[in-house]
Number of protein chains: 2
Amino acid sequence: MSKKEALIDATKQLLWEKGYEATSPRDIQALSATGQGSFYHHFDGKKDLAIAALEEISREMLDIMRDNLAAKGPAQQRLESYLCKPRESLKGCRVGRLANEISMQDPQLGQPMRAYFEELTELLKHAIREAQEDGSLPAHLDAGDLATTLLAVVQGGFVLSRAQDRTDIHQSIARSMINLLFGGEAR
Amino acid sequence: MSKKEALIDATKQLLWEKGYEATSPRDIQALSATGQGSFYHHFDGKKDLAIAALEEISREMLDIMRDNLAAKGPAQQRLESYLCKPRESLKGCRVGRLANEISMQDPQLGQPMRAYFEELTELLKHAIREAQEDGSLPAHLDAGDLATTLLAVVQGGFVLSRAQDRTDIHQSIARSMINLLFGGEAR
DNA sequence: GTCTATATTATGATAGAC
DNA sequence: GTCTATCATAATATAGAC
């Protein structure tokens, strides 16, 4: 692995663990066994490297999500599996975790994050429409609103997991949402 | 206003605007027109001051939430008003915004945050139970799970608002959840 | 209680050798 | 491309005068 890749990998890891502000160039160099030279040879600085790392993170996550949400099989099942997907709740979402530090502050850094959530919204919206077409979801629900809501409920799950130091939050949420969407008893 | 109060007020503001990591003692001193002396006379350091500020923030927010969620009137209306409450979406939740920086890293700092979300969950749970008793919500829904879900959807709304730089997220979510909970057409 | 001056360490980046 | 040495600035905290 080249030093450049090592730098990006270390940054991906540290952005997840500590966030953007709390990650210093020195942290990254230490974790990647790299000197100052490599850092500033390959990247303009911390922000530039963070952008490269965030773009890779976003791509990796979207690949996983596409595999699930745009797969074959019943749309209801894909949506349920999105809600029930195993998550490292206490570590936070690799992308959403950075929303408060990054997005507004710097448009360049924010771009990969906006792109990630936009595409994920579209994936969810399509699955929701399919579920509405095959009758597993009521047709009167607005697919865009619901896609945003599913995204939000998972992102909020990460926030609450960390805020309360609990590992059962995403499970509660998944149960609740599946119940509301696909009916529990009286539906 | 005493210098001590001025320091806490400035910290409350900066924690909201910039978060914990990005707020320095000097920022706080500048905003509160205060010298080093007052800062370290009244508080042990940045963390100590942040705890005091976060406790006040939590208290203020809970007072507002109690006024709404434990008020008189139909439970359904109170729950809908929780979802539709005007929010400064782009600024983030004053408490939840700090979940990724603070909670796990330091148990002392995390305590006011845990307390906030625990009490808010209880308030929501009670309102949900009332709604189930008066028949406006189905009885088979788990009140605890649903309370967590309502909290999550709002917290996630803040995350998405900032991540995508959009102001319409909370509205989408509120429409969607009210539809799911209290029925749109075919219920 | 409040101020200014100072100390210490970390941050983010540059310079120049190899 | 990679390394070590160095730098300017900011973060966090202390000391001591008033």
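Within every chain, numbering begins at 1; the chains are lettered A, B, ... in the order of the sequence lines, protein sequences first and strands thereafter.
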Inset, instruction - Please report, rounded to the nearest Å, how far the P atom of dT11(C) is from the OH atom of Tyr20(A). - result: 13 Å
Inset, instruction - Report yes or no: is the cationic atom of Lys46(B) (NZ for Lys, CZ for Arg) closer than 6.0 Å to the six-membered ring centre of Tyr20(B), at no more than 45° off its axis? - result: yes
Legend entry - Those residues of residues 40-47 of chain B lying under 4.0 Å from DNA chain D by at least one heavy atom: Tyr40(B), Gly45(B), Lys46(B)
Legend entry - Rounded interatomic separation in angstrom, taking CZ from Phe39(B) and C1' from dT14(D): 13 Å
Legend entry - Whole-Å gap separating P (dA10(D)) and CD1 (Ile28(B)): 17 Å
Solution key, residues 114-121 of chain B side-chain donor-acceptor pairs under 3.5 Å, sequence neighbours excluded:
{"unit_1": "Arg114(B)", "atom_1": "NH2", "unit_2": "Pro107(B)", "atom_2": "O", "d": "3.3"}
{"unit_1": "Glu119(B)", "atom_1": "OE2", "unit_2": "Arg66(B)", "atom_2": "NH1", "d": "2.3"}
{"unit_1": "Thr121(B)", "atom_1": "OG1", "unit_2": "Phe117(B)", "atom_2": "O", "d": "2.6"}

Legend entry - For Ser136(B), side chain to side chain donor-acceptor pair (under 3.5 Å) partners two or more places apart: Asp134(B)
Legend entry - Whole angstrom value for the distance that separates C1' of dA10(C) from CG of Asp27(A): 10 Å
Is there any protein nitrogen or oxygen under 3.5 Å from a nitrogen or oxygen in nucleotides 3-6 of chain C, and what are the pairs?
{"unit_1": "dC3(C)", "atom_1": "OP1", "unit_2": "Lys3(B)", "atom_2": "NZ", "d": "3.4"}
{"unit_1": "dC3(C)", "atom_1": "OP2", "unit_2": "Gly35(B)", "atom_2": "N", "d": "2.7"}
{"unit_1": "dC3(C)", "atom_1": "OP2", "unit_2": "Ser38(B)", "atom_2": "OG", "d": "3.2"}
{"unit_1": "dC3(C)", "atom_1": "N4", "unit_2": "Gly37(B)", "atom_2": "N", "d": "3.4"}

Inset, instruction - Take atom CD of Gln29(A) and atom C1' of dG1(D), then tell me their distance rounded to the nearest Å. - result: 14 Å
Inset, instruction - Using the test side-chain contact (heavy atoms from CB on, under 4.5 Å), find all partners of Ser89(B) that sit at least two apart in sequence or belong to another chain. - result: Arg87(B), Ser161(B), His170(B)
Inset, instruction - Would you mind reporting whether Tyr82(A) and Met65(A) have side-chain heavy atoms less than 4.5 Å apart? - result: yes
Inset, instruction - Any pair with a residue in residues 29-40 of chain A that passes salt bridge (Lys or Arg N to Asp or Glu O under 4.0 Å), sequence neighbours left out, goes on the list, sorted by first then second residue, please. - result: none
Legend entry - Test item: Asp168(A) and Thr148(B) side chains (from C-beta on) under 4.5 Å apart, heavy atoms: no
Legend entry - Between dT11(C) (C1') and Leu14(A) (CG): distance, integer Å: 15 Å
Inset, instruction - Return the value, rounded to whole Å, for the distance between atom CE of Met1(B) and atom P of dG1(C). - result: 16 Å
Legend entry - Heavy-atom check, side chain of His140(B) versus side chain of Asn179(A), under 4.5 Å: yes
